[in-house]
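Computed from a predicted structure; not experimentally measured.
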Amino acid sequence: MRKAAAAGIILAGIILVAGGLDRKGGSDNFVADVQANDETTQKEEENRSSEETELETQIDTSAPVTAGSRIAVVSKSVDGEFWKAIRTGMEDAVKDVNAAYGYTSDDQITMTFEGASNEQDVEKQINTLDAVIAENPTVLCLSAGDEDSCQAQIEAAKENGISVVAFDSNVTDSDMIAAFRGTDNTSVGKLAGEKLADAIGKSGKVAIFSAQEKTESSRRRVEGFKEAISAYSDISVVQELYMDKVEDMQSAIESTLQSYPDLAGVFCTNADVSDLYLDTEKTGDHVLTMVGVDATSKQQEAICNGVEAGVVSQDPYRIGYQTILAAVQLTVPKEEVSGVERTVLYDPAWIDSSSLDDPEYSDYLYGK
């Protein structure tokens, strides 16, 4: 049910208002229509009221697509609940396209999904990109671990006629990218800043614990966070830590907590850092207010236990699904491409104890 609901609602570009948040899917013109199953009775709808309503996604098969195309995905990471959800969305999109077009055997659109097991392993990602481009896929989908590091690989893809779709994290020279699908990361930071400010009474010292400094998504989240808290003169950022700038992030976090015993709150910019902070040993009776990003199982438990104020979360399934749909549209010669929005940003959601069990937010909860 999750696949049909996420794909159907989002791909049609319908705007959902959930808990005060506009969920803008960014229509890609690839999907002609979305409709509820006509044979679903009112009683059936009531029986599954706690689940997402199943929708039938109809893909416009008049849109030009090249049979037998190969889509290569090079992800920032292949491990973790967030990345696994992205992969699931991508795999489901490939299945749906093949089913809609009736592609079988050699005509099927295929996808490979590769990447490092650690988001910080930029060298591994570059080596993977080199190998993937040498295989000359039809389209390359990339989530860049370092926004500057893969410039040569993107240029090589362009020289070989390989369209590039960026997802989750973009690159510095975005003109080299045919399309981008991801969360509005500046909004992620702003929402986190606003929520943390409220939680600490709009006053106090705060620290930022972030993923890699040269990752576009992290950079935008930190910028958005700082912009939000700049509205509060009594809040000051006393420390910024980046995983690629310290030898041991957990030890660096512990050192920060010891150096600032009066710290009021912390902002953790992604799932890895958030989970790492929760695993960090805390000393003393002072309880810090934490706001994280990406509602992992560990963070959901922390929210339930009152250890974490809340989390700003993304919908990775939607990102994955939409990335593949954009890629599929780019399988045709450049002059035949039409209706592909270049940049589509999705709104994040705020998850706290009041929304953990709300079905409206189920797509934002990982490990479910």
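Side-chain contact annotation: E155 with Q151, donor-acceptor N/O pair under 3.5 Å present. There is a side-chain donor-acceptor pair under 3.5 Å between D92 and Y317. Defined by atom type and a distance below 3.5 Å, a donor-acceptor pair is missing between the side-chain atoms of S75 and E114. S143 and D168 form a side-chain donor-acceptor contact under 3.5 Å, judged by distance and modelled atom types alone. No hydrogens or angles considered: a donor-acceptor pair under 3.5 Å links the side chains of Q314 and D294.
Ring orientation note: the planes of Y366 and F82 are tilted relative to one another, at an angle of 30° to 60°. Ring pair Y361/Y364 is tilted by interplanar angle, where 30° to 60° counts as tilted.
Using modelled atom types, one side-chain atom of Q299 and one backbone atom of V293 make a donor-acceptor pair closer than 3.5 Å. Under the 3.5 Å distance criterion, the side-chain polar atoms of R342 are left unmatched by any main-chain donor or acceptor of A179. A donor-acceptor distance shorter than 3.5 angstrom exists from the side chain of E308 to the backbone of G292, with no hydrogens or angles considered. Put simply, the side chain of R70 gets close to the backbone of E135: a donor and an acceptor are under 3.5 Å apart. A donor-acceptor distance shorter than 3.5 angstrom exists from the side chain of N98 to the backbone of I109, with no hydrogens or angles considered. At distances below 3.5 Å, not a single donor-acceptor pair connects side-chain atoms of S313 with backbone N or O atoms of A349. The main-chain N or O of V188 is never found under 3.5 Å from a side-chain atom of K190 such that the two would form a donor-acceptor pair. Judged by distance alone, with hydrogens and angles left aside, the side-chain atoms of S69 form a donor-acceptor pair with the main-chain N or O of T66 at under 3.5 Å. At distances below 3.5 Å, at least one donor-acceptor pair connects side-chain atoms of Q125 with backbone N or O atoms of G145. With S230 contributing its side chain and E227 its backbone, the two residues share a donor-acceptor pair below 3.5 Å.
Scanning both residues, C304 and L356, for their nearest heavy atoms gives SG-CD1, 3.4 Å. Contact between L129 and C150 at its shortest, heavy atoms only, is CD1-CB, 3.7 Å. The heavy-atom pair separating G310 from I303 by the smallest distance is CA-CD1, 3.9 Å. For L288 against G265, the heavy-atom pair with the smallest separation is CD2-N, 4.2 Å. Of all non-hydrogen atoms in V273 and C268, the two that sit nearest each other are CG1-CB, 3.9 Å.
Atom NZ of K95 and atom CD of Q108 lie 11.0 Å apart (nearest 0.5 Å). In this structure, Q153 CD and T128 OG1 are separated by 10.5 Å, a value rounded to the nearest 0.5 Å. With rounding to the nearest 0.5 Å, the separation of CD1 in I253 from OG1 in T280 is 4.5 Å. Here CG of N185 is found 6.5 Å from OG of S169. Values are rounded to the nearest 0.5 Å. Taken to the nearest 0.5 Å, the NZ atom of K202 stands 11.0 Å off from the CG atom of L196. Taking CZ of F167 as the reference point, atom CD1 of I324 lies at 8.0 Å (rounded to 0.5 Å).
By the side-chain hydrogen bond (donor to acceptor under 3.5 Å, both in side chains) test, D79 is found to be paired with no residue, residues two or more places apart in sequence or in another chain being considered.
Within a 6.0 Å radius of CG in D106, other residues, nucleotides and ligands contribute 12 heavy atoms or fewer. Within 6.0 Å of CD on E247 lie no more than 12 heavy atoms contributed by other residues, nucleotides or ligands.
Annotation: side chain of Y277 is in contact with side chain of K282 (closest heavy-atom distance under 4.5 Å). Side-chain contact between L276 and F209 is absent, with no heavy atoms from C-beta onward closer than 4.5 Å.
If you chain together hydrophobic residues whose side chains sit under 4.5 Å apart, I71 and I154 never meet in one group. V165 and V74 are assigned to two separate hydrophobic clusters, defined by single-linkage of ILVMFWY side chains at heavy-atom distances under 4.5 Å.
Under a cutoff of 6.0 Å and an axis angle of 45°, K214 and Y242 do not form a cation-pi pair.
Screening E213, E147, E240 against R219 for a salt bridge (Lys or Arg N to Asp or Glu O under 4.0 Å) leaves a single residue, E147.
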